[in-house]
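Source: prediction; values computed, not measured.
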Amino acid sequence: MNENLFASFIIPTIMGIPIVIFIIMFPGIFLHNPYRLIGNRLMSLQQWFIKLVLKQMMAIHNIKGRTWSLMLMSLILFIGSTNLLGLLPHSFTPTTQLSMNLGMAIPLWAAAVITGFRHKMKASLAHFLPQGTPLPLIPMLIIIETISLFIQPMALAVRLTANITAGHLLIHLIGGATMVLTSISPTVSSITFTILILLTILEFAVALIQAYVFTLLVSLYLHDNT
């Protein structure tokens, strides 16, 4: 219990050199390339999952928006695999770092907005001023809509960071309480251990759901601009 509560969120280093890049690249080992005509069960499950998510995500897009399909699928696989990697003992979760999530959210949001201004200039500008707005409210509404536009990537990054960080902190706290209660009250310790197992199962679901939510919101921003 003397361990710092936020020690698991510190970027690991070897000889003073951050190894976060190697940690981010590590999940790619488990994504097999379909170089064989007949794949194994893991490859079949991987392809089925990709087709299912891609079909749901691209259903609302036009031809121009569907050109982002490879980018969006790479994004959801990357976030989901790094989130699951962080649930392993003594591991590091890159998506708990707000800087990294902002590094993913800002370029994707900016690309979607720039695409909208390039191809749908009038429609993109119309979002800043709803039709039928009273004349005295026009300056205020333009400022509010501009702020809401620029806050979108921040909301994306903060949502992902907060959900993943909160789950890890809960697991850490309940795990520490279970170890302390083992010698004090085995009955209460067994109850907290059961809660810990259920919470861990929930975190597996949250890891995948947050990857899907992040990618889905990027997809919706793209849909509004194509």
Side-chain angles (χ1 to χ4, degrees), residues 1-32 41-42 45-46 48-50 52-53 74-105 151 153-218:
M1 294 298 290
N2 293 328
E3 183 184 359
N4 184 5
L5 186 62
F6 296 93
S8 59
F9 304 111
I10 299 175
I11 298 177
T13 57
I14 295 179
M15 300 178 63
I17 301 175
I19 58 172
V20 64
I21 297 177
F22 301 102
I23 296 174
I24 293 173
M25 295 172 60
F26 179 74
I29 299 174
F30 301 101
L31 301 177
H32 298 276
R41 290 184 178 89
L42 181 60
L45 181 62
Q46 174 185 327
W48 171 81
F49 174 76
I50 290 174
L52 178 65
V53 176
S74 301
L75 181 66
I76 190 172
L77 289 174
F78 170 71
I79 297 177
S81 57
T82 50
N83 288 348
L84 293 175
L85 177 67
L87 293 175
L88 297 175
H90 305 286
S91 61
F92 171 73
T93 312
T95 47
T96 57
Q97 305 296 315
L98 183 61
S99 57
M100 176 181 166
N101 296 335
L102 284 173
M104 292 189 295
I151 210 172
M154 179 66 72
L156 271 178
V158 170
R159 181 187 293 106
L160 180 59
T161 304
N163 282 282
I164 301 301
T165 303
H168 283 61
L169 286 175
L170 279 174
I171 291 176
H172 184 88
L173 290 171
I174 296 177
T178 302
M179 293 183 61
V180 171
L181 291 171
T182 302
S183 57
I184 300 175
S185 176
T187 304
V188 179
S189 176
S190 62
I191 296 174
T192 56
F193 182 71
T194 304
I195 296 174
L196 180 62
I197 293 176
L198 295 175
L199 181 61
T200 304
I201 296 173
L202 177 63
E203 280 303 304
F204 274 98
V206 169
L208 297 176
I209 291 172
Q210 288 304 314
Y212 180 76
V213 169
F214 188 96
T215 311
L216 181 63
L217 289 175
V218 173

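- Take Thr178 and apply the side-chain contact (heavy atoms from CB on, under 4.5 Å) test, not counting sequence neighbours, and it matches Ile174, Ser189, Thr192, Phe193.
- Distance alone, capped at 3.5 Å, places no donor-acceptor pair between the Thr165 side chain and the Ala162 backbone.
- For the side chain to side chain donor-acceptor pair (under 3.5 Å) test, no residue two or more places apart in sequence or in another chain qualifies with Ser190.
- Note that the CG atom of Leu156 and the CG atom of Leu217 stand 5.5 Å from one another [nearest 0.5 Å].
- Remark: Thr95 pairs with Asn83 by the side chain to side chain donor-acceptor pair (under 3.5 Å) rule, at least two apart or across chains.
- If you take CG on Leu98 and CG on Leu160, they are separated by 9.5 Å, rounding to the nearest 0.5 Å.
- Atom NE2 of His168 and atom NE2 of His172 lie 12.0 Å apart (nearest 0.5 Å).
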Please tabulate, one pair per line, all N/O donor-acceptor pairs under 3.5 Å involving side-chain atoms of residues 196-214, not counting sequence neighbours.
unit_1, atom_1, unit_2, atom_2, d
Thr200, OG1, Leu196, O, 2.7

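- Residue Leu102 comes nearest to Pro153 through the heavy atom pair CD2-O, 4.2 Å, listed as atom of the first residue, atom of the second, then distance.
- To the nearest 0.5 Å, atom OG1 of residue Thr215 and atom CE of residue Met104 are 8.5 Å apart.
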side-chain contact (heavy atoms from CB on, under 4.5 Å) evaluation trace for Leu181 with Ile191: CA-CA 10 Å; Leu181 291 171; Ile191 296 174; over 6 Å; no
